Amino acid sequence: MREATRTTQRWWRWRSNPLRRRADIVEAWIVLVVWAVIVVGGTLVGLVAGHAAQESFAQLRRERHPVAAVLVKSRAEPVPTGEAGASERVRAKVRWTASDGSPRIGWTLVDSGHKPGSGVVIWTDSRGQLTAKPPTAGAAAAEAALLGTGAALTFGGLTFAAARFARWRLDQGRYEEWSREWAQVGPQWGRKAT
């Protein structure tokens with residue numbers, strides 16, 4: 001019995017009712033459409049964002065290549081890399097040969113513990129410029145999943161906020177309508193019928 005009452009209360013806007021106003025029907029449609037948009041649109045936005053991020057990381061892995069280099073000079077203080085469990089990295093001056101055969105020198109991050117003159121592995125892009133190591137396939141998949149989830153939640157949040165604003169405007173209209181009706185009925189409220 002109690003469950004039936006709860007269901008009846010939940011769906012009152014959809015039933016014929018003399019107290020139901022046009023704003024109630026509009027609000028019911030807004031709620032229905034918003035939840036459909038959040039579920040379908042949020043899923044699509046999340047999938048598209050995750051796929052785009054995955055493609056971007058794959059492009060980085062295709063464009064960046066490991067290159068053997070020689071450590072010229074390094075700084076003693078480690079640089080935080082932001083990677084959990086990563087070895088300490090230090091900023092170092094390295095010398096390497098580009099794919100066109102020209103010698104290059106530049107500063108990049110290398111694992112700590114190397115002495116000048118020792119060999120290190122650096123990463124260069126398709127133009128031969130120093131760059132960071134690309135994310136592994138597993139790290140890229142995890143980050144793409146997080147980005148997709150974040151995009152879906154952001155889309156859902158913005159859609160929900162827009163719906164709340166629309167419902168607030170409907171409430172304001174209802175309050176104004178009630179005020180007008182009360183102004184008509186209110187003065188007659190305590191009168192005796194003659």
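From a predicted model like this one, the values you see are computed outputs, not experimental measurements. Residues: numbered from 1 along the sequence shown. For the numbers below, each heavy atom of this structure counts, side chains included, while hydrogens, waters and symmetry mates do not.
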Taking every heavy atom of Leu71 against every heavy atom of Lys115, the minimum-distance pair comes out as CD2-O, 3.4 Å

Counting neighbours of CH2 on Trp182 that are heavy atoms of other residues, nucleotides or ligands and sit closer than 6.0 Å, is the number greater than 12? yes

Minimum-distance pair of heavy atoms, taken over all atoms of Thr131 and Asp125: CG2-N, 3.7 Å

Residues that Pro66 engages under side-chain contact (heavy atoms from CB on, under 4.5 Å), provided they are two or more places apart: Val121, Trp123

Given the rule that I, L, V, M, F, W and Y join up when any side-chain heavy atoms are under 4.5 Å apart, are Ile25 and Ile30 in one cluster? no

Distance check, rounded to the nearest 0.5 Å: Thr124 atom OG1 versus Leu130 atom CG? 7.5 Å

How far apart are the C-alpha atoms of Arg174 and Glu27, what are their side-chain angles, what is the distance that settles it, and do they pass the salt bridge (Lys or Arg N to Asp or Glu O under 4.0 Å) test? CA-CA 11 Å; Arg174 278 191 281 249; Glu27 182 177 20; 2.9 Å; yes

What distance do Lys93 atom NZ and Arg91 atom CZ have between them, rounded to the nearest 0.5 Å? 11.0 Å

Trace of the side chain to side chain contact (heavy atoms under 4.5 Å, CB included) decision for Val90 with Val110: CA-CA 6 Å; Val90 293; Val110 298; 4.0 Å; yes

For Arg89 and Asp111, which heavy atoms make the closest approach, and how far apart are they? NH1-OD1, 2.9 Å

Looking only at side-chain N and O atoms, does Gln59 offer a donor or acceptor that is under 3.5 Å from a partner on Glu63? yes

The reported gap from CD1 in Ile105 to CH2 in Trp96 (rounded to nearest 0.5 angstrom) is 8.5 Å

Pro134 backbone acceptor or donor facing Arg61 side chain under 3.5 Å: no

Look up atom NE2 in His65 and atom OG in Ser99, then write down how far apart they are to the nearest 0.5 Å. 8.5 Å

Side-chain polar contacts of residues 137-165 - donor-acceptor pairs under 3.5 angstrom, sequence neighbours left out - could you list them?
residue	atom	partner	partner atom	Å
Thr149	OG1	Ala145	O	2.9
Thr154	OG1	Gly150	O	2.8
Thr159	OG1	Phe155	O	2.8

Please lay out, stage by stage, how Leu170 and Val26 fare under the test side chain to side chain contact (heavy atoms under 4.5 Å, CB included). CA-CA 8 Å; Leu170 284 172; Val26 170; 3.9 Å; yes

Backbone N/O of Ala132 and side chain of Arg64: donor-acceptor pair under 3.5 Å: yes

Given the rule in the side chain to side chain contact (heavy atoms under 4.5 Å, CB included) test, do Trp107 and Lys73 qualify, once you have shown the distances and angles that lead to the verdict? CA-CA 9 Å; Trp107 288 88; Lys73 173 170 117 176; 3.7 Å; yes

Dump the intermediate steps for side chain to side chain contact (heavy atoms under 4.5 Å, CB included) on Val70 and Val120, then the final yes or no. CA-CA 6 Å; Val70 176; Val120 294; over 6 Å; no

Counting only heavy atoms not in Arg22, do more than 12 sit closer than 6.0 Å to its CZ atom? no

Minimum heavy-atom separation for Arg104 and Gln129, please, with both atom names. NH1-NE2, 4.1 Å

In one Ile/Leu/Val/Met/Phe/Trp/Tyr side-chain cluster, 4.5 Å: Val34, Val45: no

